[in-house]
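Following: one structure in structure tokens, then a few remarks.
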Amino acid sequence: MDQLKEKFKALATIKAQELKTIAKEYGEVQLDTVNAGQIIGGMRGIKAMLWDTSSLDAEEGIRFRGYSIPELREKLPKFEGGKEPLPEGLFWLMLVDEIPTQEEVEWLSKEWASRANVEEQVFKTLDSLPIDTHPMTQFTIGVMAMQSSSIFAKKYDEGMNRNDYWDAMYEDSMNLIAKLPRVAAYIYRRSFHGGNHIAPNPDLDWAGNFAHMLGIDHPDFRSLMRLYMTIHADHEGGNASAHTVHLVGSTLSDAYLSFAGGMNSLAGPLHGLANQEVIKWIFNMIESLGTNTPTKDQLRTYINETLASGQVVPGYGHAVLRRPDPRFMAQKEFAHEYISDDPTVQIVWDLFEVVPEVLGALGKVKNPWPNVDAHSGALLVHYGFTEYSYYTVLFGVSRALGVLAQLCWDRAYGLSLERPKSVTSDWLKSAVSSN
Ligand code: CMX
């Protein structure tokens, strides 16, 4: 058994027992109530699922096993000579609740590199798709094409003991995470670079190798990918992609089926697709205004036109957060450190000054501040990565780290099939009127 799996097994044994005790002794304790607005309004804020890998506070933002993004940037091991955290370290932290050493992270990089071989049939499946198939559609199809190698599905079929579910889920998760950059890079190169693919470099770390296979060889772009893959990895359990992975996984679907489900959810414009929408909106704005250095008044006018045409301002607002997203701020800091004088980055910063005031004036937007998607595109454009329909795939590769670490915990805890109660609108009408 490898060292990470050994640690996971030891911790999971203790924590699963704790959870069993809570369920047995305190299962009937009333903790929260639900109101009619929450039933109609997308279940906002209802505390109804278990998620250990990260937790989101409306004011403070995300913490991964208790660590904020600035703390992760400081404490997680780095690639030799680099300044950004290695996402391998975050996965380790999320899985076993401790910051790994440099050696442990290097071991994990190598372990993933050794599991990264993608079967030819996956590439053949992707090559059979029309070239203009949206990259996120290709991504989920690529993941589904790998499903036949699921260890969990195979062992379940052979009659696996439920006590061993976590073990098979761990193996599937490690394999899937290892292979995703190769599949994702393949999609990028086939869609935008005439199928001119780049072989992996097993000496690089997971995110650095991804950057290399995408074909953008600027060393700062590798640093950006390390940061990007770290900050997009998890955002507690209630967001649509994480929740979908958890929901699908609760039926004992394997990691491939569950992750593909989550990616279909990430591909919606109110969630992960917003990163493509932001840059598309900025490019359209530049074209419409005829300048890439718009004034704040021009920005204000364009934002108001967007709202007047019944569209949302992409990259702004959040279902939980009530302040600028720390993931936005981390990217802004990255830009300050690595990039000077970039017109698209400047537009993103100017929008940060103008959009909150315009959205705030509407009086209905609960959070007028930027989210993670408001900044990422401008950084990618800076390094020549302009094919924005691909951006959500980057988000998806990163999101695998959090949702699959949690899926291992779901199996270790033996969490139940998810099955909340739905109500009809007639039931709701009569329930509120009798109050
Ligand atoms: N532009 C215009 N209107 C907005 C808005 C925005 N950026 N954000 C919220 N609103 C509107 C809502 O559409 C809603 O209007 P109606 O009452 O007329 O339907 C009202 O303000 C209240 O919404 P809310 O409670 O503040 O926000 P929700 O929790 O319902 O929705 C979100 C959250 C993210 C879907 C929304 O803010 C939005 O559409 N943002 C733009 C898309 C985006 O950036 N998504 C990415 C989020 C991060 C991620 O998951 O990657």
Side-chain angles (χ1 to χ4, degrees), residues 35-38 40-46 55-63 68-70 231-232 235-236 238-240 268-289 291-336 342-379 381 388 391 395:
N35 61 42
Q38 288 172 306
I40 300 167
M43 301 196 277
R44 289 292 178 286
I46 300 176
S55 181
L56 181 61
D57 179 81
E59 298 300 329
E60 197 195 38
I62 191 69
R63 279 187 181 268
S68 67
I69 287 178
I231 63 176
H232 287 78
H235 217 223
E236 76 168 27
N239 70 79
L270 295 188
H271 191 16
L273 201 79
N275 63 6
Q276 95 165 29
E277 294 302 294
V278 167
I279 216 70
K280 184 168 131 198
W281 182 73
I282 290 177
F283 283 173
N284 285 343
M285 176 170 69
I286 291 171
E287 198 183 316
S288 148
L289 298 176
T291 174
N292 67 357
T293 55
T295 63
K296 303 237 170 90
D297 278 341
Q298 285 177 305
L299 291 179
R300 209 168 281 117
T301 306
Y302 193 77
I303 295 160
N304 279 319
E305 281 170 14
T306 301
L307 293 170
S309 65
Q311 297 171 62
V312 293
V313 178
Y316 280 77
H318 200 271
V320 179
L321 284 168
R322 295 296 176 257
R323 58 159 262 182
D325 191 332
R327 302 172 297 175
F328 175 90
M329 299 311 287
Q331 295 178 85
K332 189 163 183 288
E333 263 176 45
F334 181 95
H336 279 295
D342 182 291
T344 321
V345 170
Q346 190 58 50
I347 289 176
V348 166
W349 293 355
D350 289 346
L351 286 168
F352 183 30
E353 287 183 32
V354 179
V355 177
E357 150 205 326
V358 179
L359 289 184
L362 295 178
K364 64 172 184 177
V365 181
K366 295 198 189 66
N367 178 46
W369 299 108
N371 59 55
V372 64
D373 301 315
H375 211 312
S376 51
L379 300 179
V381 168
Y388 55 74
Y391 289 176
F395 194 156

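Only heavy atoms go into these numbers, but all of them, side chains included; no hydrogens, no water, no symmetry mates.
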So how far is it from Leu362 CG to Glu357 CD, rounded to the nearest 0.5 Å? 11.5 Å

Which atom of Glu277 lies closest to which atom of Pro269, heavy atoms considered: CG-CB, 4.3 Å

Kindly indicate whether the side chain of Val381, heavy atoms from C-beta on, has any atom under 4.5 Å from the side chain of Phe283. yes

Taking the side chain as every heavy atom from C-beta outward, state whether Val348 and Phe328 have any atom pair closer than 4.5 Å. yes

Looking at Ala274, is its backbone amide N or carbonyl O close enough to the side chain of Asp373 to form a donor-acceptor pair, meaning the two atoms are under 3.5 Å apart? no

All heavy atoms of Gln298 vs all of Leu289, minimum pair found to be CB-CD1, 4.0 Å

CD1/Ile69 to CG/Asp325 distance, rounded to the nearest 0.5 angstrom? 7.0 Å

Of all heavy-atom pairs linking Phe352 and Lys332, the shortest is CD2-CE, 3.9 Å

Just wondering, do Ile303 and Met285 contact through their side chains at under 4.5 Å, heavy atoms? no

Within the 6.0 Å centroid threshold, strictly below: His235 and His318: yes

Taking every non-hydrogen atom, the tightest pair across Val345 and Ala335: CG1-CB, 4.0 Å

Pair Thr293-Gln346, side-chain contact (heavy atoms from CB on, under 4.5 Å): steps then yes or no: CA-CA 8 Å; Thr293 55; Gln346 190 58 50; over 6 Å; no

Would you call Lys366 and Arg322 a side-chain contact if the rule is heavy atoms closer than 4.5 Å? yes

Determine whether Val372 and Asn275 satisfy the following criterion, side-chain contact (heavy atoms from CB on, under 4.5 Å), listing intermediate values before the conclusion. CA-CA 8 Å; Val372 64; Asn275 63 6; over 6 Å; no

Got His375 and Trp349 here, is their nearest side-chain heavy-atom distance under 4.5 Å? yes

Hey, are the side chains of Tyr391 and Ser376 touching, using non-hydrogen atoms and a 4.5 Å cut-off? no

Got a second to check how far Leu321's CG is from Glu60's CD, nearest 0.5 Å? 10.5 Å

Between Asn292 and Thr344, is the side-chain contact (heavy atoms from CB on, under 4.5 Å) condition met? List the steps. CA-CA 7 Å; Asn292 67 357; Thr344 321; over 6 Å; no

For Tyr316 and Asn371, the nearest pair of non-hydrogen atoms, with its separation, is N-ND2, 3.5 Å

Once rounded to the nearest 0.5 Å, what's the spacing between atom CG of Asp342 and atom CG of Leu379? 8.5 Å

Answer yes or no: is there a side-chain heavy-atom contact under 4.5 Å between Asp57 and Arg63? no

Set out, in order, the CA-CA distance, both residues' side-chain angles and the distance that settles side-chain contact (heavy atoms from CB on, under 4.5 Å) for Leu273 and Phe395, then state yes or no. CA-CA 9 Å; Leu273 201 79; Phe395 194 156; over 6 Å; no

Heavy atoms, side chains only, cut-off 4.5 Å: are Ile347 and Ile286 in contact? yes

Has Glu236 got a side-chain atom pairing as donor or acceptor with Ile62's backbone, closer than 3.5 angstrom? no

Ignoring hydrogens, what is the shortest heavy-atom contact between Ile231 and Ala330? Give both atom names and the distance. CG2-CB, 4.5 Å

Hey, what do you get for CD1 (Ile46) to CD (Gln38), rounding to the nearest 0.5 Å? 4.5 Å

